[in-house]
Amino acid sequence: VIFGSVPGGRPGFGGRGCLGRSLAWSSCVVASEPRSNLRTSSLVDALPALARQFAAYVGVSLAAFGVHYGVLAALVETGRADPVRGALAGYLAGAVVSYGLNRRLTYASARPHAEATWRFGVVAAVGFGLTWLIMAGLTRGLGLPYLAAQVLATGAVVFWNFLGHRLWTFAARPVPVLSEGASGMR
């Protein structure tokens, strides 16, 4: 009996359809496999899908990056904002682009907007704070040029955002799983 499957109909782990979870390599059980093989095969099966999802995230991030850096450069170069405020304004503009594209393209989330938007906001707020800390530390504290500092800040925050959105913002809702005894299955 197979309780989950990967895309393409192969029994295993990860992918949608695995108890409703996206790429969660420990949430599916193949009853015919010995317990000792479950963790290894599940991780191996899930890595290509995780790599594809991260590649999609990077593509979306490049679009958001263009908006972010465009707003940053426009505000700083016209004298309308200092580099830290320009970076934060750019971050917010990029976040709008990121939400729409990631929801549709990267995570293919069915989570209602009423839930996903506030979760996205929480993850983005933490990323916003990290951006502020890194930009302030590097430009004001160490005197780095603002674009070099922004590249470093972006490099750090991209991993936080990917994991936060994957594991929480756009994650499928957990499906209650009955114990073997309660479900009547053996």
Side-chain angles (χ1 to χ4, degrees), residues 1-30 38 42-43 45-72 87-133 153-180 182-185:
V1 176
I2 300 169
F3 292 92
S5 64
V6 295
R10 294 185 359 248
F13 300 83
R16 298 231 177 253
C18 182
L19 297 180
R21 302 191 110 187
S22 172
L23 297 169
W25 44 72
S26 63
S27 64
C28 291
V29 175
V30 178
L38 292 179
S42 64
L43 181 59
D45 288 344
L47 284 177
L50 182 62
R52 283 190 303 275
Q53 187 178 44
F54 187 73
Y57 177 78
V58 169
V60 166
S61 294
L62 289 173
F65 171 89
V67 171
H68 180 155
Y69 279 62
V71 169
L72 167 65
L88 298 177
Y91 184 91
L92 292 174
V96 172
V97 171
S98 179
Y99 175 80
L101 293 177
N102 274 316
R103 178 180 170 80
R104 179 170 294 254
L105 302 176
T106 304
Y107 303 104
S109 179
R111 186 177 293 275
H113 284 295
E115 290 179 24
T117 51
W118 74 263
R119 287 173 178 245
F120 186 92
V122 169
V123 172
V126 172
F128 187 85
L130 289 171
T131 299
W132 176 81
L133 284 171
T154 299
V157 174
V158 73
F159 290 104
W160 158 256
N161 285 341
F162 174 73
L163 290 173
H165 295 317
R166 182 182 183 282
L167 298 174
W168 190 57
T169 304
F170 297 116
R173 292 178 174 168
V175 175
V177 178
L178 297 175
S179 68
E180 195 174 288
S183 69
M185 297 179 68

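The basis for the numbers below is simple: all heavy atoms, side chains too, and nothing from hydrogens, waters or symmetry mates.
- Partners of A63 under the side chain to side chain contact (heavy atoms under 4.5 Å, CB included) rule, at least two apart in sequence or in another chain, are V97, L101.
- Contact detail for A64 and G94: the closest heavy-atom pair is CB-O, 3.4 Å.
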Sequence neighbours left out, cut at 3.5 Å: what donor-acceptor pairs do the side chains of residues 116-126 make with other protein atoms?
{"from": "T117", "atom 1": "OG1", "to": "H113", "atom 2": "O", "distance (Å)": "2.6"}
{"from": "W118", "atom 1": "NE1", "to": "E115", "atom 2": "O", "distance (Å)": "3.3"}
{"from": "R119", "atom 1": "NH1", "to": "W168", "atom 2": "O", "distance (Å)": "3.0"}

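- Minimum heavy-atom separation, A93 to V71: CB-CG2, 4.0 Å.
- Side-chain contact check for F170 versus R111: every heavy-atom pair is 4.5 Å or farther apart.
- The distance from the CZ atom of F54 to the OG atom of S61 is 7.5 Å, given to the nearest 0.5 Å.
- Residues L50 and R166 approach most closely at CD1-NE, 3.3 Å, considering heavy atoms.
- Atom OG1 of residue T106 and atom CZ of residue R52 lie 13.5 Å apart, to the nearest 0.5 angstrom.
- Donor-acceptor pairing under 3.5 Å is lacking for the side chains of Y107 and T169.
- Looking only at side-chain heavy atoms (C-beta outward), Y57 and V158 come within less than 4.5 Å of each other.
- Contact annotation: the side chain of F162 never approaches that of V58 to less than 4.5 Å [non-hydrogen atoms, C-beta and beyond].
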